[in-house]
Amino acid sequence: LQKMSGGYFMESVWQSTKLGVVLAGAHYEDGLKQRNFNAVVEDPTAEQLQKFSSGIAKLGKDDTALGAQVTTTKAVTF
């Protein structure tokens, strides 16, 4: 391990990003549903997430986008 300014140097390589869009609608069991998407860009911006989530909500019947979960996977070497 290479020590760098008080810590240890790690290198990470992006592998994938996944997105879960949380939707609300009276027609869903418990009123909520999460739609999952793979192959998302490495570091989506808040604006991109908002626009994409709103677009997905418009495809549903009276859906409202409540938020999103972004999961990024990286390979880390020490």
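What you see is a predicted model; the values in this text were computed from it and never measured. All values below were derived from every heavy atom in this structure, side-chain atoms included, with hydrogens, water molecules and symmetry-related copies excluded.
Residues His27 and Asp63 meet the side-chain proximity criterion, which asks for heavy atoms closer than 4.5 Å. Between Arg35 and Lys33, the closest side-chain pair of non-hydrogen atoms falls below 4.5 Å.
Listed by chain and residue number, Val22, Asn36, Gln69 satisfy the side-chain contact (heavy atoms from CB on, under 4.5 Å) test with Gln34 (two or more places apart in sequence, or in another chain).
To the nearest 0.5 Å, atom CD of residue Glu11 and atom OG1 of residue Thr77 are 4.5 Å apart. Residue Lys74 holds its NZ atom at 11.0 Å from OG of Ser16, rounded to the nearest 0.5 Å. To the nearest 0.5 Å, atom CG of residue Asp43 and atom OG1 of residue Thr72 are 7.0 Å apart.
Connectivity analysis of hydrophobic side chains (ILVMFWY, heavy atoms under 4.5 Å, direct or indirect) links Val13 to nothing; its cluster partners are none. Val21 belongs to a hydrophobic cluster whose remaining members, ordered by chain and number, are Leu19, Leu23, Tyr28, Phe37, Val40, Val41, Leu49, Phe52, Ile56, Leu59, Val70; membership requires side-chain heavy atoms of ILVMFWY residues under 4.5 Å apart, directly or through intermediates.
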*Mind running side-chain contact (heavy atoms from CB on, under 4.5 Å) on Thr17 and Thr73 for me, showing each step along the way?*
CA-CA 6 Å; Thr17 302; Thr73 303; over 6 Å; no
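The minimum heavy-atom distance linking Ser54 with Ala65 is given by the pair N-CB, 4.4 Å.
Under a cut-off of 6.0 angstrom, the local environment of CD in Glu47 is sparse, with at most 12 non-hydrogen atoms contributed by other residues, nucleotides or ligands.
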